[in-house]
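Below you'll find the structure, written out as structure tokens, and then a few comments.
Reckoned from all heavy atoms, side chains included, excluding hydrogens, waters and symmetry mates. In this text, all values refer to a predicted model and were calculated from it rather than measured experimentally. Just so you know, ligand 1 is whichever comes first in the structure, and atom 1 is the first atom listed for that ligand. In what follows, residues are counted from 1 in the order of the sequence shown.
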Amino acid sequence: MKHSEIVAQAHPNIALIKYWGKRDARLNLPAVGSLSITLSQLETCTRIARHAAAPDDCVYIDELLLDGAPAETELRTRLQTLANQMWRNNGPPPVLAIDTHNNFPTAAGLASSASGYAALVTGLDSILDCHYDDSELSTFARIGSGSAARSLYGGFVLMDKGLQEDGSDAIARPLLGADEWPLDVVIAVTSTTSKQTSSTDGMERTRATSPFFPAWCAGQETDLAAASSAVRARDFDQLADLSEYSCLKMHGLMMAAQPGLLYWNAATLACLHEIRALRNRGVGVFFTVDAGPQVKAICAPGEGDAVAAILGEIDGVITLHRAGLGEGARVVAAR
Ligand code: 2P0
């Protein structure tokens with residue numbers, strides 16, 4: 001059924017076994033698989049309205065608002081290209097107006113591109129009446145942003161590197177539901193400025209110049225298999241060890257690029273030490289850090305309050321966000 005307006009929602013995700021590097025930059029294919037958790041609380045909400053038929057033979061986006069402000073033409077063109085890749089030629093192509101809001105800071109190392117593209121492709125699938133299957137939607141989300149395919153699902157999610165040149169097997173799939181192991185997440189924001197090097201540029205520089213890149217790729221499948229087992233067994237300590245290992249290995253890899261990528265600040269490091277001290281005292285918590293200075297503390301169920309109280313006192317921590325594990329991307333309203 002054709003809708004005239006839909007609202008799609010998606011949450012950001014955090015990789016525990018990290019994705020860094022592409023095997024094909026043009027198709028945005030990852031060089032390594034990854035394992036993530038989808039968050040609750042933090043959310044992208046995207047409203048897409050369908051107007052009259054487009055003047056030419058393709059889908060046209062005439063308005064794109066990000067948190068109330070018109071987006072740059074470059075982004076609008078990029079999303080329009082994605083909409084036309086999804087378009088199935090089922091009737092006259094429409095004109096679309098897209099209005100998207102995040103209830104958390106955009107481009108501040110909180111994975112807004114993942115929730116943004118997951119909400120977008122889920123919404124486009126509905127408004128364009130496409131009915132793609134899960135692996136096809138995964139592909140469209142991945143074209144937008146490598147980590148976005150993971151936000152299509154809730155809970156614990158695996159993203160396959162895939163072997164096919166066209167990327168048809170580089171897809172996300174669910175591993176364990178959010179309510180099956182309800183971890184707490186505390187995010188310590190240590191800077192609100194945008195990062196200097198985008199993930200895409202940082203990944204390309206790392207692949208081209210870091211001497212550790214072959215070793216990083218070679219070890220990933222072993223880490224993914226071990227972490228998947230730890231998730232299935234709900235073995236917190238095992239998952240903690242593997243996640244911190246993957247995080248520090250990724251940052252070592254990035255630091256060894258030329259010029260080196262250093263995403264941390266002093267407060268980032270202070271948080272890492274504090275989280276290690278908490279864990280040594282028996283608190284169920286471990287850290288992970290992405291391509292930015294924010295620290296994500298992953299806590300065993302019920303440990304979030306104690307961890308937040310300690311991280312909130314650290315010099316340089318500006319704000320804390322709290323989350324649990326959330327659902328995958330979905331259409332929440334349609335008319
Ligand atoms: C991840 N990150 O697995 C890794 C860990 C950041 C560090 O995926 O170029 O926005 O759009 O594929 O997905 C962030 O990069 O990059 C990311 P593109 P993306 O979550």
Query raised in the report: Stepwise, does the side chain to side chain contact (heavy atoms under 4.5 Å, CB included) test hold for V307 with D184?
Result: CA-CA 10 Å; V307 171; D184 277 350; over 6 Å; no

Requested in this report: Look at ligand 1 and say whether S34 reaches it with a heavy atom at a distance under 4.0 Å.
Outcome: no

Report task. May I ask which of W20, Y263, Y117 has a heavy atom nearer to atom 6 (C) of ligand 1 than the others do? Result -> W20

**Report entry** SB check D129 R88 (cutoff 4.0 Å)
**Finding:** no

Query - Test item: N84 side-chain N/O and V59 main-chain N/O as donor-acceptor pair under 3.5 Å - result: yes

Query raised in the report: Taking the six-membered ring of Y117, is the NZ or CZ of R142 close enough (under 6.0 Å from the centre) and on axis enough (within 45°)?
Result: no

Report task. Indicate yes or no: does E204 engage K22 in a salt bridge with an N to O separation below 4.0 Å. Result -> no

Report task. Indicate the ring-plane relationship of F286 and F236, choosing parallel, tilted or perpendicular according to the 30° and 60° boundaries. Result -> tilted

Report task. Give yes if a backbone or side-chain nitrogen or oxygen of S145 is under 3.5 Å from a nitrogen or oxygen of ligand 1, and no if not. Result -> yes

**Report entry** Approximate separation, where rounding is to 0.5 Å, of L325 CG and L176 CG
**Finding:** 9.0 Å

Query raised in the report: Against heavy atoms of A291, which atoms of ligand 1 measure under 4.0 Å?
Result: 6 (C), 7 (C)

Report task. Under 4.0 Å from a heavy atom of G146: give me the atoms of ligand 1 that qualify, with their elements. Result -> 11 (O), 12 (O), 13 (O), 18 (P)

Query raised in the report: Measuring from the heavy atoms of K22, does anything fall under 4.0 Å of ligand 1?
Result: yes

Report summary line: Quick note on ligand 1: atoms under 4.0 Å from a heavy atom of A15 include exactly 1 (C), 3 (O), 20 (O)

Query raised in the report: Does ligand 1 have any atom that is closer than 4.0 Å to a heavy atom of M250?
Result: yes

Query raised in the report: Which protein heavy atom lies closest to atom 14 (C) of ligand 1, and at what distance to 0.1 Å?
Result: S199 OG, 3.4 Å

**Report entry** SB check R76 D62 (cutoff 4.0 Å)
**Finding:** no

Report summary line: Numbered in order shown, the ligand 1 atoms found under 4.0 Å of a heavy atom of S113 are 10 (O)

Query raised in the report: Which of the atoms in ligand 1, numbered in the order shown and given with their element, are less than 4.0 Å from a heavy-atom of N28?
Result: 12 (O)

Report task. Provide the number and element of each atom of ligand 1 under 4.0 Å from a heavy atom of S147. Result -> 8 (O), 10 (O), 13 (O), 19 (P)

Query raised in the report: Considering only heavy atoms, does I14 approach ligand 1 within less than 4.0 Å through its side chain, its backbone, both, or neither?
Result: neither

**Report entry** Mutual orientation of the aromatic rings belonging to F156 and W181 [parallel < 30°, tilted 30-60°, perpendicular > 60°]
**Finding:** parallel

Query raised in the report: Can R276 and E244 be counted as an ion pair, charged N to O under 4.0 angstrom?
Result: yes

Query - Heavy-atom nearest option to atom 20 (O) of ligand 1, drawn from K18, M203, R150 - result: R150

Query - atom 4 (C) of ligand 1: nearest protein contact (heavy atom, Å) - result: Y19 O, 3.0 Å

